[in-house]
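Let me begin by presenting the structure, written as structure tokens, before commenting on it.
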Amino acid sequence: MAWTRKIVRINLTTGDVKHEPLNMEWAKKYIGQRGLASKYLVDEIDPKCDALGEDNILIMTTGPLTGTMASTGGRYSVVTKSPLTGAIACSNSGGFIGNEMKNAGLDMIIFTGKAKKPVYLYIEDDQIELLSADEIWGRSCWATDEWIHTTHQDPLIRVACVGRSAEQGCLYSGIVNDLHRAAGRSGVGTVMASKNLKAVAVRGTKGVGNIRDPLAFMQAVNAGKKVLADNAVTGEGLPSMGTQVLMNIVNEIGAMPTNNMRDVQFAGASKISAEAMHEPRAGDGKPNLTTNAACFGCTIACGRISTIEQGHFTIENKPEYFGNSGGLEYEAAWALGSDCGIDDLNTLTYANFLCNEDGFDPISFGATVAAAMELFETGAITTAETHGVEFKFGSSEALSKAAEWVAKGEGFGKDLGLGSKRLCEKYGHPEFSMTVKGQEFPAYDPRGVQGMGLAYATSNRGACHLRGYTVSSEIMGIPEKTDPLVTEGKAGLTKAFQDAAAVVDSTGLCLFTTFAWTLEDIAPQLAGACEGGWTAENLLEAGERIWNMERDFNMAAGLTGKDDTLPERLTKDIAANSGPAKGRFNELDKMLPEYYALRGWTEEGVPTPETRQRLGL
Ligand code: SF4
């Protein structure tokens, strides 16, 4: 259904549960999900508040297309202030819980305050109550999910929960739903755990309704599905190879961050690629990949389900990890693999399982381990800190142990749970931290893909590929090819991708549709589903409004234009040392002034009064 027009507000301090109508004036300006929940956040909290204090709020939110027949319309987001970056955080997830929230009749759940003791929220249509989580606090996400299903005797309940890493304060913990989907970035799970909120369990049976014009909606939805099916990326590449299809491609063009971003190509890339996941492996002769998987309503099905070879050292005496579970996406394979110099698919799959089992972001985790390996190489940390483990690039043992420690917040895992920035500062080498605004980089080296450098530097949630995926154009030629080594035109490209992503993240759809869809494909689906007179033009303006609103929040939180930057390693210390970008740095300083001008911001990166007025902020 489109907007249900209902919010439930949970005061964790008092235990009060209150219903309120959705602000429809805001809904027509900010669409839903990321945009609309961010509007509520901006309106309700002091941007300077302690992200892990009682005054921060946590919003679980759907979009107007969540739970509808639109392809990929199962997304939901978590919006809060990030403890990792101090900036606004919005983390998006698929799976099935977004649809379940809609079917329980809810657009949004807003958590305020902090519970005195661990609790979980149980929703069964109109029955909404906080229950004791004493029995699940201290358990993993997988154990929590199982306990809730067993306790409530209902296999159809959908669960989103935090694992032990979040309880122990790991700053990049996510919220895992449906066992292996996650609102993974920026520490949204750490905020949830700080409120003593262990899980949200939802069972919704109200069904679909409230579509504004069912015939127009279904015509637009069916046309959109055909576009996805006919497209080489969404109809073929992603279902068969997953996002891992990018591993060999990005490596070849010399944009594969390797060994804590000192190198741009990884000799072992083919061993951890999508192709390798299909091949029979040594040991049991089975492939790593068992099948693909889809989130609710998705006709792309990019998800990976994998196993680990039974005799592998990581799962000796741990048969529970052999079984099918969420396999490697490209971002996880890169961060756990090339950035740590590790080319063993079994090890990466094991570490990824642990990220899912205890809910921590594999990108930030892998990049933090890579930073720790560089610290170890220089002697800034030693085996005294790492419990005797040699923390060397390429060490499967180091990665496996690190994942086990972070999962439970044990020993050196506490340090690793700080994230790369705080870890490197603690051990005296802040220059080793490959972060923007305190968040670790994703898998595209900005020396080899210039536009991504600008997208990372200006991202509202710290380094992130999903806030402005210029890779689409610079590497894949979608919607048209631009040269990844050229800076001209990248300011406009970055702005366009950022505004469009803000739209898609606010609708209930998956960003991966944009390999095939433009806003021209999305607008008629949204216009059929709900009022607002949506067109590609007014959607793009809504995206720009959302972007500027997030920027305003960050400025009020204390960030400035000086935070729109990249580590000096990428701009002047270490040039790309191989591949097509050999000898190049990222030339952020050539792109940033034009970007600010296109955004209608001052030279210091502040939205001008005229811009704010134009966008109705
Ligand atoms: S494309 Fe992949 S991530 Fe997106 S909704 Fe489909 S299965 Fe989920």
Side-chain angles (χ1 to χ4, degrees), residues 32-34 61-78 90-102 158 160 174-185 221 224-246 274 277 289-306 324-333 352 355-356 361-363 442-443 464-467 469 471-472 476 478 500-501 503-518 521-522 525:
Q33 211 167 333
R34 172 176 160 190
T61 171
T62 60
L65 293 179
T66 307
T68 69
M69 297 288 283
S71 183
T72 79
R75 311 295 299 190
Y76 99 103
S77 290
V78 180
C90 172
S91 201
N92 182 307
S93 181
F96 298 85
I97 196 164
N99 167 61
E100 210 69 22
M101 271 176 69
K102 266 299 177 68
R158 298 296 176 181
I175 300 171
V176 172
N177 61 283
D178 304 293
L179 296 176
H180 43 242
R181 288 283 169 190
R185 297 224 77 190
V221 161
K225 285 179 178 171
K226 184 164 183 340
V227 172
L228 293 178
D230 291 345
N231 181 276
V233 177
T234 52
E236 205 174 315
L238 284 173
S240 62
M241 305 297 251
T243 53
Q244 271 275 68
V245 71
L246 286 163
M277 288 172 73
L289 183 79
T290 51
T291 185
N292 65 337
C295 303
F296 171 83
C298 176
T299 54
I300 300 174
C302 78
R304 305 290 93 182
I305 301 294
S306 288
N324 292 326
S325 192
L328 293 164
E329 313 288 341
Y330 171 56
E331 290 295 337
N352 193 54
C355 289
N356 284 336
D361 171 13
I363 301 177
C464 173
H465 56 302
L466 298 173
R467 284 296 174 274
Y469 194 65
V471 164
S472 249
M476 300 165 78
I478 301 170
V503 172
V504 179
D505 285 346
S506 301
T507 58
L509 300 174
C510 178
L511 203 55
F512 291 168
T513 56
T514 57
F515 290 123
W517 288 350
T518 67
D521 297 290
I522 293 171
Q525 298 185 54

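Note that ligands are numbered from 1 as they come in the structure, with each ligand's atoms numbered from 1 the same way.
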Just jot down the ligand 1 atoms closer than 4.0 angstrom to any heavy atom of R181, in number order.
3 (S), 7 (S), 8 (Fe)
Just by distance, do the side chain of T290 and the backbone of I305 share a donor-acceptor pair under 3.5 Å?
yes
Considering residues at least two apart in sequence or located in another chain, which fulfil the side chain to side chain donor-acceptor pair (under 3.5 Å) criterion with Y330?
none
Is there side-chain contact between T243 and L238, with at least one heavy-atom pair below 4.5 Å?
yes
D505 and R75 ion-paired at < 4.0 Å
no
Contact check, side chains of T513 and T234, non-hydrogen atoms, under 4.5 Å
no
Side chain to side chain donor-acceptor pair (under 3.5 Å) against S91, all qualifying residues, sequence neighbours excluded
none
Q525: partners by side chain to side chain donor-acceptor pair (under 3.5 Å), with sequence neighbours left out:
none
What protein heavy atom sits nearest atom 3 (S) of ligand 1, and how far away is it?
R75 NH1, 3.4 Å
I want to verify a count. Protein N, O or S atoms less than 2.8 Å away from atom 6 (Fe) of ligand 1, how many are there?
1
